[in-house]
Amino acid sequence: EPPYHIVTPVMHLSRQDVSRTFQEKLGAPPTDSAEELTMIARRQLRQDFLTADMGVTGANFAVAETGQIALTENEGNIRLTFSLPRIHVAVVGIEKLVPRVADLALFWPMLAHSGTGQAITGTCSLVGGPRRDGEPDGPEEFHVVLLDNGRTRLLADVAQRDALHCIRCGACLNACPVYRTIGGHAYHTTYMGPIGCVITPHLRGRDDWAHLPYASSLCGACAEVCPVNIPVHRHLLQNRRNTAGGWQRLAFKFWAWTVQDPLRYRWAGKFLRCAGPFAKLWTDTREWPAAPAQSFRDWWQKQNPHPNPLPYTARERGLKKISSPPSLGGEDQGEGESRSS
Ligand code: SF4
């Protein structure tokens, strides 16, 4: 199954789930112990690493100064992937480039801190080429595939290009109330959660992924935790703007026109209270709560009969009885305020 989270891909599985899979696929005995489960995985994977002809990794960063890729992990599986097989292929998004090795002194701890709450991850590796003469391990061939896949399109978008600053720490996923409720598989994307909803429409096409930016309450928790200060919730809003069709724009213009006038707003409320049966598109997938018998405004009017003799609708339109303006407190006081300011 696809990853559930960009940092911890099987966080949705319990020890019992893992044990069941090991029983089915590997014929392993049932166990509830994390240590025993780890040893079962280790025995199986070690053999796979030793016999694999090619290892494929990503990269957390790519260093332009030295041509190296930087990899960070806690499990050691990435190090086995690039050091044991004969060929190592690294698939690297072009946004992963950093100018200098020294920049890793900032980015590696930042990624570990925001991703897993560590000062630094257990293993950090810099890979700069195939095995050299005299070296005991490492691949015979080393290939780096620089992946664009829509990234230059996003780079060309001045309003949203800072989404490429993302270091894939996953902090915005952990903070997002929508991700925490629906989980990573509901998005059906490689990158899930708030940042996935920002970049996927750019990487894979707006038409097919226009629904993603709506998987957000726009609460801004994602932007608050982001270590590289991407205004994720604003980009989600921008994505909604980018994909809004003609009828949506028209509907929102009509809505804005309606709520700007108290009388129109009042009549819209009256209409909506009896519009339930006609809102089929909405009620097919959602409940339409029963409307109260009277609106809050009507209730308030009954509780507080207004002394203003103007008709109700005229008052709503902002007409007032003309009365003398309140005193400003006299000329002397005004001069005094002016002096003190
Ligand atoms: S958008 Fe920010 S918080 Fe979310 S994964 Fe990227 S760097 Fe981390």
Side-chain angles (χ1 to χ4, degrees), residues 2-12 58-63 69-74 78 91-99 103-121 124 147-151 153-155 157-204 209 212-240 242:
Y4 190 85
H5 188 281
I6 52 179
V7 175
T8 47
V10 291
M11 65 181 287
H12 60 300
N60 297 105
F61 304 101
V63 184
I69 59 165
L71 298 148
T72 176
E73 57 173 326
N74 282 308
I78 296 178
V91 183
V92 186
I94 54 173
E95 82 279 22
K96 304 279 184 175
L97 275 170
V98 295
D103 295 321
L104 297 177
L106 169 70
F107 283 115
W108 258 342
M110 180 194 279
L111 178 54
H113 186 262
S114 296
T116 49
Q118 297 169 284
I120 192 81
T121 48
C124 293
L147 191 70
D148 182 325
N149 204 16
R151 286 159 175 82
R153 213 167 34 234
L154 180 51
L155 188 65
D157 186 335
V158 178
Q160 293 196 273
R161 64 168 53 148
D162 63 354
L164 290 170
H165 296 170
C166 174
I167 57 172
R168 307 279 189 271
C169 70
C172 57
L173 280 63
N174 303 338
C176 175
V178 175
Y179 175 88
R180 282 157 53 166
T181 304
I182 65 175
H185 289 159
Y187 295 82
H188 298 288
T189 55
T190 308
Y191 304 116
M192 60 293 288
I195 190 62
C197 295
V198 170
I199 61 176
T200 303
H202 290 276
L203 303 185
R204 297 173 72 174
W209 302 95
L212 281 181
Y214 293 91
S216 168
S217 65
L218 301 178
C219 65
C222 45
E224 266 183 39
V225 296
C226 178
V228 290
N229 275 339
I230 300 172
V232 185
H233 62 309
R234 293 191 189 285
H235 286 315
L236 288 167
L237 208 51
Q238 179 67 39
N239 274 3
R240 291 185 189 184
N242 290 344

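Each ligand, and each atom within it, is numbered from 1 in the order the structure gives. Along the sequence shown, residues are numbered consecutively beginning with 1.
Near Ile195, meaning under 4.0 Å from any of its heavy atoms, are these atoms of ligand 1: 1 (S). The ligand atoms of ligand 1 that sit less than 4.0 angstrom from a heavy atom of Cys172 are 1 (S), 3 (S), 4 (Fe), 5 (S).
The protein heavy-atom contact nearest to atom 7 (S) of ligand 1 is Ile167 N, 3.5 Å. Among protein heavy atoms, the minimum distance from atom 6 (Fe) of ligand 1 is reached at Cys166 SG, 2.3 Å. The protein heavy-atom contact nearest to atom 5 (S) of ligand 1 is Gly170 N, 3.3 Å. Nearest to atom 8 (Fe) of ligand 1 among the protein's heavy atoms is Cys169 SG, 2.3 Å.
Using a distance-only test at 3.5 Å, with no hydrogens or angles considered, a donor-acceptor pair links the side chain of Asn239 to the main chain of Val198. Remark: the backbone N or O of Thr72 is paired with a side-chain donor or acceptor of Asn60 at under 3.5 angstrom.
Considering CG of Leu236 and OH of Tyr214, their distance stands at 11.0 Å, rounded to 0.5 Å. Atom OH of Tyr179 is separated from atom CD1 of Ile195 by 14.5 Å, given to the nearest 0.5 angstrom.
Residue contact annotation: Cys226 places no N/O/S atom under 2.8 Å from atom 4 (Fe) of ligand 1.
Ligand 1 is never approached by Ser114 to a heavy-atom distance shorter than 4.0 Å. At least one heavy atom of Val228 sits under 4.0 Å from some atom of ligand 1.
No side-chain heavy atom of Pro201 sits under 4.5 Å from any side-chain heavy atom of Gln160. Between Asn174 and His5 there is a side-chain heavy-atom pair separated by less than 4.5 Å.
Of the residues Arg161, Arg151, His165, the one that meets the side chain to side chain contact (heavy atoms under 4.5 Å, CB included) test with Glu95 is Arg151.
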